[in-house]
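Computed from heavy atoms alone, side chains included, the values below leave out hydrogens, waters and symmetry copies. Within every chain, numbering begins at 1; the chains are lettered A, B, ... in the order of the sequence lines, protein sequences first and strands thereafter.
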Number of protein chains: 2
Amino acid sequence: MEQVKSRGISHLRESILELIRDNGLRVGDKLPSEMEMTERFNVSRPTLREALKLLEMDAVIEARQGKGRFLSAGAALSIARPITKFESVSRLLESHKHVVETKVLGFGIVHADTDTSAALDVDVGTPLVRVERLRHAKREALVYSLDWIPQHLFSEGDPSQIDWKGSIVNMLAQLNLQPVASTAIATATMLPDAVVGLHGLTDFGPAFLIEETCFTVAGTRVIFARDYHRGSAFTFSFVRK
Amino acid sequence: MEQVKSRGISHLRESILELIRDNGLRVGDKLPSEMEMTERFNVSRPTLREALKLLEMDAVIEARQGKGRFLSAGAALSIARPITKFESVSRLLESHKHVVETKVLGFGIVHADTDTSAALDVDVGTPLVRVERLRHAKREALVYSLDWIPQHLFSEGDPSQIDWKGSIVNMLAQLNLQPVASTAIATATMLPDAVVGLHGLTDFGPAFLIEETCFTVAGTRVIFARDYHRGSAFTFSFVRK
DNA sequence: TTCGCTATAATGTCAGACAAGTAGAAATCC
DNA sequence: GGATTTCTACTTGTCTGACATTATAGCGAA
């Protein structure tokens, strides 16, 4: 195959990972030298080294001056879908074994209280759009969600005209407010009693609650969410280093 | 202060973060140019670029060809103690507001079953040391733990002579088997009924279960652990990108 | 006021060089 | 013949200087 010019350091980093995979390298194995890789990928040595440093930082490989570079234990610690990957609940549920439906339990404009104002970096009392939803499959409740979005982000539109059954992340993307990252706190809890009573969720069991604030590229906080995931239906993976 | 020659790319990365902090840069602010930073840190441009690429990969800064580098939203998304940081349960509990004590509920040599053999990469039937412990403070149970360690790792010692009240991570470190990373799965669940009954843990409530396999630098799997954290006592933070 | 051109600034990538560390082979010594 | 030393080649670490590409500011002409 014709050697392709690098399309950026990230792409080169992926190519190196692919090389590791294709050569079936195991922990402790030596990587090809820098010279060999510059020829293989048709890039300069400084450019290659930039990509290699990224893999070293990820603990995938380790460099030994004078000896070479070796695959480290971190290479095995790769998870396809770690909890640290940013994605919406709607997106998470796309891979559920059954068709998941969304029921909008409530919608309204509320004033920011101390929790939501701190999370969204707005003044207490600022108007927020609050959406309450339940994701379920085959009569089994999966995720109970509360989302707060600053109303002023809908400068042109009327929030009540929006179809809240869809992904809020996707909807905001269409307003040029694409959420791309978040800070989150997870804990094990039970659904609030009031929620259990009002919505007949007596068999939900323990919930994996993720409370998170989503940001755009520019750093604007656009969503504050509380997602209660049914404990028996979800696990979340991650690597610890 | 005299300019200090770089002590590696990681150190340079930290110096750049320090520069960002000292200059009070905010999201959207422009970083000094590469030329300015090479002079400030007394390193070459390729070396500086390697460190900068690490920060770009972490979404702390973003580069625009022809324009400069800017602080991005990821810069704000730093958590002092994310769930992805590798640390033992003993270490986690050191920061608990009350003194935490460890009760060894059980100890024994067992045969690896299908779960533990898969997690520790040993044959089914392989002898494992199994330790059952409860961490509690002021009569409040905090973490119920099960740990499995391959018996062959204790080539010289007698596992029954070990004080299992301490940190297993620290104990293994003294056997030159320092665990440094792990893969983990988290979920919300309830303590097994048998455990609740036998140990009087009826008020434990929902548990944040982390099931994880710990590795040494060389990639050896040394611990398989199931840690049930009392949901009302623990939260876990992380960033999602 | 607008457009086009030029110069400057900044990142992206490259080639070549030297420093430092390591391993293995060859030569030397006892 | 074995041990030690020296030499060579390989590899990563860091540097200098150069060119490519992108973006922007400023100036002059229309």
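- Of the candidate nucleotides C:dG12, D:dG13, D:dT11, D:dT11 has the atom lying nearest to any side-chain atom of A:K30.
- Out of D:dC15, C:dA10, C:dT13, the shortest distance to the side chain of B:S33 is found at C:dA10.
- An OP1 or OP2 oxygen of D:dC15 is reached within less than 4.0 angstrom by a side-chain nitrogen or oxygen of B:S44.
- Taking the side-chain hydrogen bond (donor to acceptor under 3.5 Å, both in side chains) definition, one finds that B:E34 meets it with B:R45, B:R49, B:R69, sequence neighbours left out.
- Side chain of A:V43, nearest nucleotide from D:dT14, C:dG12, C:dC14: C:dC14.
- Ring-plane geometry between B:H229 and B:F236 is classed as perpendicular, the angle between the planes exceeding 60 degrees on a 0 to 90 degree scale with a lower cut at 30.
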Footprint string (nucleotides 16-23 of chain C, 5' to 3'): B base within contact, S backbone only, - free, heavy atoms under 4.0 Å: -B--BBSS
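- Rounded to whole Å, the distance from CD on B:E50 to P on D:dG13 is 8 Å.
- Nucleic acid contact class of B:R64 (heavy atoms, under 4.0 Å, all strands): sugar-phosphate only.
- Of the possible donor and acceptor atoms, one in the side chain of B:R221 sits under 3.5 Å from a partner among the backbone N and O of B:A119.
- Evaluation of the side chain to side chain donor-acceptor pair (under 3.5 Å) test over residues 57-67 of chain B, restricted to residues two or more places apart or in two chains, returns B:R13-B:D58, B:E62-B:R64.
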Working for salt bridge (Lys or Arg N to Asp or Glu O under 4.0 Å), residues A:E94 and A:R91: CA-CA 5 Å; A:E94 278 172 15; A:R91 176 79 173 177; 3.5 Å; yes
